[in-house]
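In each ligand, atom 1 is the first atom listed, and ligand 1 is the first ligand listed.
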Amino acid sequence: MRFYSTRDASRKLYPLAEAAFLGLAPDGGLFVPERIPQVDMAAVRRLAGVSYADMAGYLAGVIFDDVPESVISDVVSRAYNFDIGLHFFDSKKGALELFHGPTFAFKDFGARFMGQMTGRLNTTDSLTILTATSGDTGSAVAAGFYNVPGVDVVVLYPDGKVSPLQEAQMTTLGGNIHPLRVRGNFDDCQRLVKAMFNDPDLRSRKRITSANSINLLRWIPQSFYYFYAHCLWSAVTGGEAAEIVVPSGNYGNITAGMLAARMGMPVKRFVAASNANDVVPEFLVTGDYKPRASVRTVANAMDVGAPSNFERMMWLYGDVDNLRRQVAGFSATDAEILDAIREIEDKYGYTSDPHSAVGYLAAKHYDIEGYWLSTASPAKFGEVIEKAVGHWPDIPAALQQRLDCKRVYTMMDASESDLKDYLLGL
Ligand SMILES: *Cc1c(COP(=O)(O)O)cnc(C)c1O
């Protein structure tokens with residue numbers, strides 16, 4: 001399987017390793033597969049009954065068909081060693097819990113696959129992943145690449161502007177993970193990273209790549225859990241095709257589900273659920289796509305005003321009329337999200353994080369038969385939970401352990417030459 005850019009009418013094809021190391025296509029588009037393979041749902045059902053990793057291995061083999069089977073099975077068994085479950089709220093709907101991985105959010109599914117796969121595709125003995133983070137992406141990438149041979153990870157984060165928990169997740173691993181605490185803000189971190197990628201001298205002396213969320217190695221494996229969820233949901237309800245609500249920000253998660261549907265995963269429809277950053281739900285109504293600056297909300301991992309994966313969505317559906325046939329929109333205000341967290345606790349005795357609460361609201365609005373994706377553990381959003389219900393959520397032992405570990409990082413000025421020296425000295 002090769003890949004081409006959503007912006008390239010001539011469809012120049014790139015082999016997997018090249019597309020993966022580039023991340024973004026040279027013309028600024030996103031990589032998509034040259035064709036959409038069809039899967040055997042009977043095989044999916046059988047393997048899902050064995051383990052998530054076994055099912056993911058089959059699906060990865062169908063898409064990445066030029067990667068040896070032994071490599072794929074090694075990648076998925078290392079990446080997927082944690083639980084995934086469907087928590088039913090009533091007889092027909094529930095929450096697909098995707099937050100039982102090491103960083104307690106669904107981004108582990110993409111980041112861990114990418115980490116393991118990058119390690120296997122990398123043919124040199126030193127590759128450096130360079131990434132700037134405002135918190136969550138850095139922790140998922142750090143955990144995803146932890147101990148991957150031949151790969152170093154340098155994560156830049158702004159001094160004093162990430163939560164203690166996020167900092168702990170990036171700075172307590174050690175080994176090949178190198179956290180840089182930058183005296184500056186997130187924009188400074190991004191500017192520094194960009195400057196390194198634009199420095200021909202550095203590029204000629206050091207192999208660097210990014211682990212951006214639009215990377216196809218993070219995007220594609222997110223389609224696998226939709227197949228698994230289908231098996232869990234239909235086994236319990238007897239239903240043939242679910243309605244699937246996806247709390248969305250950059251739209252990587254939901255477009256991965258749409259890819260799964262095109263590969264043969266049965267679905268009745270998708271609901272694109274957003275917070276106040278509602279450009280896509282608005283587009284579904286008006287047919288006008290109007291990206292804009294993001295606004296801050298209590299579901300801040302979804303605060304995206306110009307979703308990158310919009311291009312993949314249009315690649316999959318062609319036009320808004322086609323999109324409307326399979327996708328409905330929904331958006332919630334902060335007040336509605338806080339109310340929902342309270343309602344879920346009162347009615348079901350269940351603590352939901354704010355992003356998943358948007359999913360709950362959309363599921364209720366459309367009275368779905370299906371499930372919403374629960375994208376993070378409430379433990380990651382203690383402040384918001386406390387604001388909603390008046391008490392802090394339970395903190396899982398593994399997370400508490402991280403918080404108690406000693407944090408190790410390098411303090412750095414927001415200086416391009418300092419960062420360059422640091423990278424060359426690694
Ligand atoms: C990243 C993230 C989202 C949004 O996912 P997209 O793929 O960007 O749409 C939702 N919830 C949580 C907790 C996230 O970390």
Side-chain angles (χ1 to χ4, degrees), residues 30 95-114 131 133-144 162-163 165-166 169 211-226 244-260 270-281 291 294 297-313 316 327 329-332 337 340-341 351-362 372-385 393 399:
L30 277 66
L96 180 69
E97 295 185 344
L98 298 173
F99 55 76
H100 299 296
T103 73
F104 300 90
F106 86 96
K107 287 188 177 70
D108 284 330
F109 282 89
R112 288 176 72 76
F113 186 90
M114 182 188 185
T131 188
T133 185
S134 54
D136 275 342
T137 297
S139 38
V141 169
V162 304
S163 74
L165 205 143
Q166 289 168 329
Q169 287 184 315
N212 200 300
S213 73
I214 50 84
N215 194 298
L216 69 97
L217 285 180
R218 283 183 62 182
W219 177 56
I220 288 181
Q222 294 183 158
S223 63
F224 303 162
Y225 46 71
Y226 288 88
I244 305 171
V245 177
V246 189
S248 296
N250 214 15
Y251 284 77
N253 196 357
I254 195 169
T255 49
M258 293 163 171
L259 178 66
F270 290 102
V271 180
S274 79
N275 56 27
N277 297 280
D278 62 350
V279 281
V280 171
S294 64
T297 75
V298 294
N300 61 16
M302 287 157 46
D303 293 350
V304 181
S308 310
N309 286 287
F310 185 76
E311 287 189 32
R312 282 188 172 130
M313 198 151 82
L316 284 160
V327 187
F330 175 84
S331 74
I337 295 170
I341 294 171
T351 313
S352 172
D353 95 283
H355 308 81
S356 310
V358 175
Y360 166 83
L361 282 169
W372 62 94
L373 273 54
S374 186
T375 52
S377 160
K380 291 195 87 167
F381 298 93
E383 295 84 357
V384 181
I385 304 297
L399 198 54

Next item on the list: Assess whether side chain to side chain donor-acceptor pair (under 3.5 Å) is satisfied between Asn215 and Arg218, documenting all intermediate values.
Entry: CA-CA 5 Å; Asn215 194 298; Arg218 283 183 62 182; over 6 Å; no
Would the distance check show the side chain of [X] and the main-chain N or O of [Y] forming a donor-acceptor pair, the cut-off being under 3.5 Å?
X	Y	answer
Asn300	Asp303	no
Asn250	Gly252	no
Asn275	Ala299	yes
His355	Ala301	yes
Thr255	Tyr251	yes
Lys380	Gln166	no

Next item on the list: Closest by any non-hydrogen atom to atom 8 (O) of ligand 1: pick that one out of Asp303, Ile214, Asn250.
Entry: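 Answer by nearest heavy atom: Asn250.
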Checklist line | Gln222, Met302, His355, Lys107: member with heavy atom nearest to atom 2 (C) of ligand 1 | finding: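 It is Lys107 whose heavy atom sits nearest to atom 2 (C) of ligand 1.
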Checklist line | Non-hydrogen atoms of Ala256 and Tyr226 that approach each other most closely | finding: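 It is C-CE1, 4.1 Å.
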For [atom], closest protein heavy-atom neighbour:
atom	result
atom 4 (C) of ligand 1	Gly249 N, 3.6 Å
atom 7 (O) of ligand 1	Asn253 N, 2.9 Å
atom 11 (N) of ligand 1	Thr375 OG1, 2.8 Å
atom 5 (O) of ligand 1	Phe106 CZ, 3.5 Å

Next item on the list: Would you check the N or O atoms of Ser248, main chain and side chain alike, for any that come under 3.5 Å of an N or O of ligand 1?
Entry: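 Min N/O separation from ligand 1 is not below 3.5 Å for Ser248.
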Next item on the list: For ligand 1, find out whether one of its N or O atoms is nearer than 3.5 Å to an N or O atom of Ala105.
Entry: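 Looking only at distances, the answer is no, because the N/O contact criterion of under 3.5 Å is not met.
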Contacting atoms of ligand 1, where contact means under 4.0 angstrom from a heavy atom of [X]:
X	result
Ala376	13 (C)
Tyr251	6 (P), 8 (O), 9 (O)
Gly252	6 (P), 7 (O), 9 (O)

